[in-house]
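Quick notes on the structure that follows.
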Amino acid sequence: FAAKAAGQFGSGWAWLGVLPNGDLAVTSSPNQDNPLMDGGVATMEKMTPFLGLDMWEHAFYLKYQNRKPEYISAFWNVVNWAKVSENYEEYAAKGKGVPVEG
């Protein structure tokens with residue numbers, strides 16, 4: 001996951017999700033693309049994501065400047081693992097998209 005996030009050139013995301021066959025997978029996507037989209041990046045695996053890390057500069061630049069690895073490392077300190085587990089069990093493992101809360 002961290003390697004995918006760190007390897008994201010420019011704006012984008014790192015994702016942990018479930019493939020259609022039920023396997024867990026990690027991918028990344030540029031810009032606003034995501035693994036649920038049709039017509040997204042051809043190399044991105046189609047999956048139901050349940051954890052995402054924002055790699056757009058607005059997410060990290062003020063505090064971390066160009067130190068992406070430090071930003072990624074700090075991300076693990078704020079992940080709500082109970083919510084990630086719920087997102088996996090209630091949605092992704094069943095092939096459903098995780099609802100957006102706003």
Side-chain angles (χ1 to χ4, degrees):
F1 186 90
K4 287 283 190 181
Q8 178 59 45
F9 179 76
S11 300
W13 296 83
W15 303 99
L16 174 61
V18 179
L19 297 171
N21 69 3
D23 289 345
L24 293 176
V26 174
T27 193
S28 63
S29 62
N31 304 316
Q32 72 283 351
D33 289 0
N34 68 69
L36 293 171
M37 292 176 62
D38 289 324
V41 178
T43 58
M44 183 174 44
E45 292 186 86
K46 189 86 166 173
M47 69 170 66
T48 303
F50 59 94
L51 176 68
L53 174 57
D54 185 349
M55 293 305 298
W56 287 61
E57 282 187 348
H58 67 249
F60 64 85
Y61 195 81
L62 287 178
K63 185 168 185 176
Y64 296 98
Q65 290 78 44
N66 290 321
R67 300 185 314 271
K68 284 184 179 183
E70 190 177 331
Y71 165 70
I72 296 163
S73 180
F75 169 72
W76 300 115
N77 296 320
V78 297
V79 171
N80 180 341
W81 288 109
K83 189 65 175 173
V84 171
S85 179
E86 176 187 330
N87 288 347
Y88 171 74
E89 292 172 11
E90 296 296 320
Y91 303 103
K94 298 174 183 174
K96 301 178 190 175
V98 176
V100 176
E101 297 176 11

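Of all heavy-atom pairs spanning Lys96 and Glu90, the tightest one is CD-O, 4.3 Å.
Between Asp23 and Val18, every side-chain heavy-atom pair lies at or beyond the 4.5 Å cut-off. Side chains of Tyr71 and Asp54 form a contact here, defined as non-hydrogen atoms less than 4.5 Å apart. Contact annotation: the side chain of Ile72 approaches that of Met55 to within less than 4.5 Å [non-hydrogen atoms, C-beta and beyond]. Considering only heavy atoms from C-beta on, Asn34 comes within 4.5 Å of Trp15 through its side chain.
Partners of Asn77 by side-chain hydrogen bond (donor to acceptor under 3.5 Å, both in side chains), not counting sequence neighbours: none found. Listed by chain and number, the residues in a side-chain contact (heavy atoms from CB on, under 4.5 Å) with Val98 are Phe50, Asn87, Tyr91 (sequence neighbours excluded).
Between Pro49 and the options Thr27, Leu36, Val26, a side-chain contact (heavy atoms from CB on, under 4.5 Å) holds for only Leu36.
No single ILVMFWY cluster, assembled from side-chain heavy atoms under 4.5 Å apart, contains both Met37 and Met47. Hydrophobic clustering (side-chain heavy atoms under 4.5 Å, transitive across Ile, Leu, Val, Met, Phe, Trp, Tyr) keeps Leu53 apart from Phe9.
Without hydrogens or angle criteria, Lys46 side chain to Leu19 main chain gives no donor-acceptor distance under 3.5 Å. With hydrogens and angles ignored, the 3.5 Å screen pairs a side-chain donor or acceptor of Asn80 with a backbone N or O of Ala82. Listed for the Lys4 side chain is no donor-acceptor partner under 3.5 Å among the backbone atoms of Leu16.
A distance of 13.0 Å separates OG1 of Thr48 from NZ of Lys94, quoted to the nearest 0.5 Å. With rounding to the nearest 0.5 angstrom, the CH2 atom of Trp81 is 14.5 Å from the CD atom of Glu86.
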